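What you are looking at is a predicted structure, and each value in this text was computed from that prediction instead of being measured. Reckoned from all heavy atoms, side chains included, excluding hydrogens, waters and symmetry mates.
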Amino acid sequence: MTWDLLLAGGEPFDVAVADGVIAATGDDLPRDAGTIVDVPGLLVTPGLIDLHTHVGPGYWGIAPDPIAWYTGVTTWVDAGSTGAYTLRFPATQVRVAALLNISATGLAGRTGENRDLANCDVALAIDTIQQHRDLLRGIKVRIDREAVGDSGLEPLRRALTAAEACKVPVMVHVGAAPPEVDDVLDLLRPGDIVTHCASGLAAPLGRALVEAVGRGVLLDIGHGSGGFAFDILERQLDLGIRPHTISTDLHARSLHGPAFDLPTTMAKLLAVGLPLDEVLAAVTVRPAQALGLPGGTLEVGAPADLAVFEVRAEELEVTDAHLQARRSPLRLINHYTYAKGRLLPPQLPPPVPPWIPLTDAQHAALARRDRDIRALLSTPLVGADALEDQFPRDPRSH
């Protein structure tokens, strides 16, 4: 047979694609494909899955396609941007799944969505999930003093009630108390997810964390603009507690720093000593299993969501949300990203929303990026190999 696409010579093996799914894998597959891309010395992975992003409408939302093409992220899980009143997502080339905010207003504004408990309507949340099962894979709730006000733990209790009725997990954001992070952890069930698990604002380190992990609660990085601290993660690792998934919490206030993108966030986990295979599992098979998502593997029959990386053995300085610095031993540079077997082309991002504060240096960097991407888009390309020849697939390097 003739395949649509063959990625040849990469690690761990050749990958052939037909009709949007992986058709064959192995060493030295026949070069019988409509498009053959030679990737010797490069790492072929399933398309990355970012378990915590914001790509829906509202204060925090960003467009995923202009980031996906140079990062390898083919599945974007929107973590609570929308609630029952605001559920809508624009069409994208990448796969989007969502966690429904227990607040029916979603994240229309910066915070405060759980202060009015009338918006945390359990019956409405249940009905909404039942009507949108393919899209909605769980429930999101933010529990910190700004988001809940005087509501305390009640929004979390309501999220858990709705999730139990729908047999889906809850992802809970932890932040500055009250409520106390231990009280949040004590309520969670096996399969529920704590995002910002290494937050310097909540610092989950004690008995409740150990017990929650022991009963099957999953820890997610959720970097964001303030949710990740190297020293907290390192203390958790000393306790024998490791993050289950790695995500960016990529949104309008973290996209331009300090999170930037998923490969950069992965480098931060490499910097504290996690091995590359564990880091890759935390952005592929583990998030897929956590939410029952398609993809996450290179098995025959899986969606042909694929990423091709150069693993460069050079040190990279990375910083957390509190400007603590570490050095990653490796740098991951995306060369190609495929969604359903189709190469994602370069795209210009939309303008930065006017309510997002940027420094002069950030404005200058964004202008250089836009100029370089426009030049790339205007250059006639001969096959996929020309992409990396024209510009590195990392706009932050320009």
Side-chain angles (χ1 to χ4, degrees), residues 51-61 77-89 96-197 202 208 212 215-218 220 222 249 290-293:
L51 192 68
H52 183 165
T53 70
H54 290 280
V55 296
Y59 178 92
W60 302 95
V77 179
D78 181 90
S81 297
T82 62
Y85 297 160
T86 58
L87 184 62
R88 56 184 173 85
F89 290 92
V96 171
L99 306 173
L100 183 74
N101 200 310
I102 189 60
S103 171
T105 62
L107 300 181
R110 188 182 67 82
T111 191
E113 69 276 6
N114 295 320
R115 295 182 182 188
D116 183 352
L117 286 172
N119 290 327
C120 301
D121 186 323
V122 171
L124 180 59
I126 293 171
D127 288 347
T128 303
I129 291 174
Q130 300 287 29
Q131 292 173 32
H132 302 277
R133 281 283 185 176
D134 287 345
L135 172 66
L136 298 175
R137 301 303 179 113
I139 294 180
K140 171 73 180 298
V141 58
R142 296 201 300 180
I143 301 296
D144 63 46
R145 65 189 178 205
E146 288 194 346
V148 304
D150 295 332
S151 298
L153 292 169
E154 183 60 20
L156 174 57
R157 294 191 180 96
R158 295 189 183 192
L160 289 164
T161 299
E164 183 64 30
C166 296
K167 305 304 180 190
V168 296
V170 166
M171 174 186 281
V172 58
H173 148 128
V174 292
E180 298 296 332
V181 66
D182 283 5
D183 294 335
V184 172
L185 293 169
D186 284 342
L187 292 176
L188 301 183
R189 313 160 301 161
D192 289 334
I193 302 163
V194 179
T195 194
H196 316 311
C197 70
R215 67 176 179 272
V217 173
L218 307 179
D220 173 61
D249 183 18
L291 295 183
L293 297 168

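In this structure, Asp192 and Leu160 have side chains that are in contact, with non-hydrogen atoms separated by less than 4.5 Å. Taking 4.5 Å as the limit, every side-chain heavy atom of Ile102 sits out of range of all side-chain heavy atoms of Leu156. Side chains of Asp220 and Cys197 form no contact here, defined as non-hydrogen atoms less than 4.5 Å apart. The closest side-chain heavy-atom distance from Val174 to Asp144 is not below 4.5 Å. Residues Ile143 and Pro155 are in side-chain contact: their nearest non-hydrogen atoms beyond the backbone lie under 4.5 Å apart.
Every pair passing side chain to side chain donor-acceptor pair (under 3.5 Å) that includes a residue from residues 158-171 is listed here, sequence neighbours excluded: Glu154-Arg158, Glu164-Lys167, Glu164-Arg189. Residue pairs meeting the side chain to side chain donor-acceptor pair (under 3.5 Å) criterion with at least one member in residues 116-131, sequence neighbours excluded: Gln130-Arg133.
By the 4.0 Å N-to-carboxylate-O rule, Arg110 lies close enough to Glu146 to be salt-bridged with it.
Between Pro178 and Val148, the shortest heavy-atom contact is O-CG2, 4.5 Å.
Evaluated for a side-chain contact (heavy atoms from CB on, under 4.5 Å) with Val194, the options Val184, Leu188, Val170 yield exactly one hit, Leu188.
Close placement of the His196 and His52 rings is indicated, their centers lying within 6.0 Å of each other.
Few gaps surround CZ on Arg215; more than 12 heavy atoms of other groups in view lie less than 6.0 Å from it.
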